[in-house]
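In what follows, a structure is listed as structure tokens, so that the remarks can point back to it.
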Amino acid sequence: MCGIVGYTGPREAYPIIIKGLKRLEYRGYDSTGVALQNGGIKVYKKKGKVAELEDTIVGKDLHANTGIGHTRWATHGEPSDRNAHPHQSASGKLAMIHNGIIENYNQLKQELSNKGYTFTSDTDTEVLLNFIEEIKSNNNCSLEEAVRVALKRVTGAYVILLLDNDDPETIIAARKGSPLVIGVGKGEHFLGSDASPMLEYTKEVVYVNDYELAIVKPDELILKNLGNEKITPYVQKLDLELAAIEKSGYDHFMLKEIFEQPRTIHDCLRGRLDAMAGTITMSGIQQYADQIVNTNRIIMIACGTSWHAGLVAEYIFEELTRINVEVEYASEFRYRNPVINKGDVIIAISQSGETADTLVAIENAKEKGAIILGVVNVVGSSIARTSHGGAYTHAGPEIGVASTKAFTAQLAVLTMIALKIGYIKGTIPQERYTQLLKELEEIPEKVAWTLQHSESIKVLAEKYKDARDFLYLGRGYNFPVALEGALKLKEISYIHAEGYPAAEMKHGPIALVDESLPVVFVATKDQYHEKVVSNMQEIKARKGRVISVITEGDENAEALSEDVMVVPEADEILAPMLSVIPLQLLAYYIGVAKGCDVDKPRNLAKSVTVE
Ligand code: F6R
């Protein structure tokens with residue numbers, strides 16, 4: 001979490017940094033700060049969002065050609081002015097920003113305290129910075145050398161950017177476990193947690209790898225490993241346009257991203273799915289096709305919404321490939337002692353490709369001989385690079401903190417993988433295969449149809465916005481959709497919501513049902529439909545308020561519901577890509593109706609790069 005930006009070159013650094021931080025606020029937004037080289041390092045920082053910092057430093061002399069900036073998601077130390085980054089070293093000569101966690105900071109702090117250091121913040125960052133300064137002055141060495149020595153003692157994850165009073169045009173940067181992109185311009189360099197802060201200035205970027213250190217000057221970029229050996233920077237062309245990271249007239253990124261789904265799913269299928277020819281082309285899967293077809297089990301590893309996509313995929317894979325599938329929370333999996341056999345296939349699902357728990361879980365599995373396939377949105381991200389193969393979801397940048405378009409793109413990719421493997425394995429009857437390919441191709445259109453009904457969902461949002469709790473129920477393919485609907489509502493509107501398998505409701509949650517409880521059924525037409533309708537009867541009999549996502553024309557379910565949200569008919573395997581859409585909209589509109597900051601819900605960050 002946390003967003004970092006840096007600039008060194010002939011332009012004014014401050015506006016570039018501020019604009020960059022606003023684009024990175026999805027990574028954290030509880031405090032903000034900048035450090036500028038303006039005849040000595042000047043630091044401005046404040047609790048709150050970037051705009052709040054801007055307001056408080058109006059009128060200051062912000063002229064500088066080199067600077068760094070930070071937007072924070074607190075780990076060590078509450079959100080406050082003094083815990084905001086950048087931090088300055090005890091001498092005031094160094095300033096540093098940090099994304100990540102220094103796990104052994106207590107030990108380092110103790111060592112420094114014994115030498116008489118005192119600290120002005122509660123952060124691990126200030127400890128690391130003073131540790132670096134201590135090494136620099138003890139060894140009388142360059143900052144670069146001091147950083148290298150210090151990082152060899154550090155356990156944890158970091159991206160750090162440092163400024164030095166004595167070398168005002170240089171930014172020293174280093175990375176392990178958190179993302180760092182360097183934009184290469186003409187006589188200037190940009191640094192960011194992702195490429196968004198530099199998009200309008202350059203399309204040439206270098207993705208810094210773990211254990212690399214960068215010495216960044218206006219006209220020079222030197223990359224080294226921690227052993228002080230030079231590495232040739234691998235400059236890549238960025239395939240991202242500015243429009244992709246702007247709101248394009250929508251009130252919020254979340255709404256824009258919900259409405260983008262017909263296109264993002266289409267982009268995800270394009271060039272891969274050819275229903276006429278009956279083919280699915282996925283080169284990153286094809287090269288491991290033999291191993292996948294012959295594996296005894298697939299383990300899906302993910303967190304949050306991506307984990308829900310894994311749950312849907314479990315049903316799809318088991319149905320279409322007859323391979324045993326397990327779905328794991330990365331955060332649990334990595335700390336267990338899971339049985340992983342050589343040849344097991346791991347599918348890591350992640351929008352950001354930077355989720356720390358998922359990354360470590362797959363690294364552990366890789367060491368034990370598993371084949372790692374990434375289903376990742378962010379190109380060049382850590383999980384994508386750690387995976388042996390896989391497929392990108394091509395949903396474009398997802399900026400709203402609540403995941404929407406990434407989820408449906410994950411489902412589209414996972415469905416294609418299951419279809420491809422099932423077809424090779426011979427576990428899908430030809431007729432069904434052909435029909436599913438054809439129907440999958442029609443999904444973007446059906447999503448567009450569903451979105452046309454957004455106004456009626458807005459009305460429902462007004463009606464139900466004051467409910468204290470919600471229950472979301474579904475069966476089969478729609479059970480994970482119920483979980484996802486509940487997650488969306490709680491993160492966006494702060495209303496307590498629980499997702500449950502509809503049949504399990506009788507084993508406990510039914511005790512919650514009374515006339516004040518909205519119960520959202522994900523009840524599209526599938527093999528479980530009649531049973532879900534019986535569950536609706538049970539809720540209705542207890543005076544619960546039934547709201548349902550139903551297939552168009554399902555009068556039976558409609559008659560049992562106080563309100564309905566309608567989706568077009570689709571094969572049950574593909575239905576989650578449709579049934580989740582009204583739930584995304586419901587959460588969004590309730591969040592807006594309650595006055596919540598839906599793009600930046602409290603306490604959350606888009607990319608969870610700490611464990
Ligand atoms: C929920 C949400 C999170 C993420 C989770 C995993 O709306 O966005 O639950 O799904 O943090 O993130 P990725 O997919 O980036 O690994």
Side-chain angles (χ1 to χ4, degrees), residues 1 3 24 26-28 73 177-179 193-194 252-255 257-258 261 264 300-313 327-334 346-363 372 374-387 390 392-411 413-414 472 480-481 483-494 497 499 580-581 583-588 591 596-611:
M1 350 271 261
L24 291 177
Y26 71 86
R27 301 180 63 86
W73 187 87
S178 300
S193 298
D194 66 27
H252 297 96
F253 281 111
M254 183 177 175
L255 190 63
E257 287 156 7
I258 291 173
Q261 289 176 105
T264 51
M300 311 262 175
I301 299 183
C303 303
T305 289
S306 299
W307 183 77
H308 296 155
L311 285 180
V312 178
V327 188
E328 298 278 357
Y329 280 122
S331 52
E332 289 297 318
F333 188 78
R334 65 177 282 198
I346 306 273
I347 301 187
I349 310 166
S350 175
Q351 187 287 127
S352 63
E354 300 294 346
T355 300
D357 285 323
T358 309
L359 182 59
V360 176
I362 63 172
E363 281 167 351
I372 316 292
V375 173
V376 173
N377 194 36
V378 177
V379 176
S381 55
S382 301
I383 293 173
R385 287 186 292 160
T386 304
S387 303
Y392 282 116
T393 46
H394 294 313
E398 190 179 65
I399 293 167
V401 164
S403 192
T404 52
K405 64 176 180 173
F407 177 72
T408 47
Q410 287 164 348
L411 294 183
V413 165
L414 290 162
Y472 284 70
V481 177
L483 294 182
E484 175 60 7
L487 177 63
K488 286 290 89 87
L489 187 71
K490 45 189 158 195
E491 62 184 335
I492 295 305
S493 70
Y494 317 143
V580 75
I581 306 283
L583 304 186
Q584 294 171 343
L585 286 167
L586 184 66
Y588 170 79
C596 300
D597 187 349
V598 294
D599 276 342
K600 296 180 201 128
R602 68 182 178 209
N603 304 338
L604 288 174
K606 183 75 185 157
S607 177
V608 185
T609 55
V610 295
E611 60 176 85

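Just so it is clear, the model here is predicted, and its values are computed rather than measured. Counting convention: from 1, in listed order, for ligands and their atoms alike.
With Asn377 contributing its side chain and Pro397 its backbone, the two residues share no donor-acceptor pair below 3.5 Å. For the pair Glu398 (side chain) and Ala406 (backbone), a donor-acceptor distance under 3.5 Å is present. Of the possible donor and acceptor atoms, one in the side chain of Lys490 sits under 3.5 Å from a partner among the backbone N and O of Ala497.
Of the candidates Thr355, Val401, Thr305, Ile492, the one placing a heavy atom closest to atom 16 (O) of ligand 1 is Thr355.
Aromatic ring pairs are classed by plane angle as parallel below 30°, tilted from 30° to 60° and perpendicular above 60°; the pair His252 and Tyr588 is perpendicular.
Judged by distance alone, the side chains of Thr305 and Glu484 do bring a donor and an acceptor atom under 3.5 Å apart. In the model, Gln261 has no side-chain atom that pairs as donor or acceptor with a side-chain atom of Thr404 under 3.5 Å.
When only non-hydrogen protein atoms are considered, atom 5 (C) of ligand 1 lies nearest to Cys303 O, 3.6 Å. Protein heavy atom closest to atom 11 (O) of ligand 1, with residue, atom name and distance, is Val608 CG2, 4.0 Å.
Under a 4.0 Å criterion applied to the non-hydrogen atoms of Ala402, ligand 1 contributes the atoms 7 (O). Of all atoms in ligand 1, listed by their number and element, those nearer than 4.0 Å to a heavy atom of Lys488 are 1 (C), 7 (O). Of all the atoms in ligand 1, the ones that sit under 4.0 Å from a non-hydrogen atom of Gln351 are 13 (P), 14 (O), 15 (O), 16 (O). Near Gly304, meaning under 4.0 Å from one of its heavy atoms, ligand 1 places the atoms 9 (O), 10 (O). Shown in contact with Ser350 at under 4.0 Å from a heavy atom are these atoms of ligand 1, numbered in order with element: 13 (P), 14 (O), 15 (O), 16 (O). In summary, the atoms of ligand 1 found under 4.0 Å from a heavy atom of Glu491, numbered by their order in the structure, are 1 (C), 7 (O). Listed by number with element, the atoms of ligand 1 under 4.0 angstrom from any heavy atom of Ser306 are 10 (O), 13 (P), 14 (O).
Looking at Thr358 next to ligand 1, no N or O pair under 3.5 Å apart turns up. Residue Ser352 has at least one N or O atom closer than 3.5 Å to an N or O atom of ligand 1.
Counting heavy atoms from C-beta on, the side chains of Asp194 and Leu24 come closer than 4.5 Å. Looking at heavy atoms from C-beta onward, Gln410 lies out of side-chain contact with Ser350 at the 4.5 angstrom threshold.
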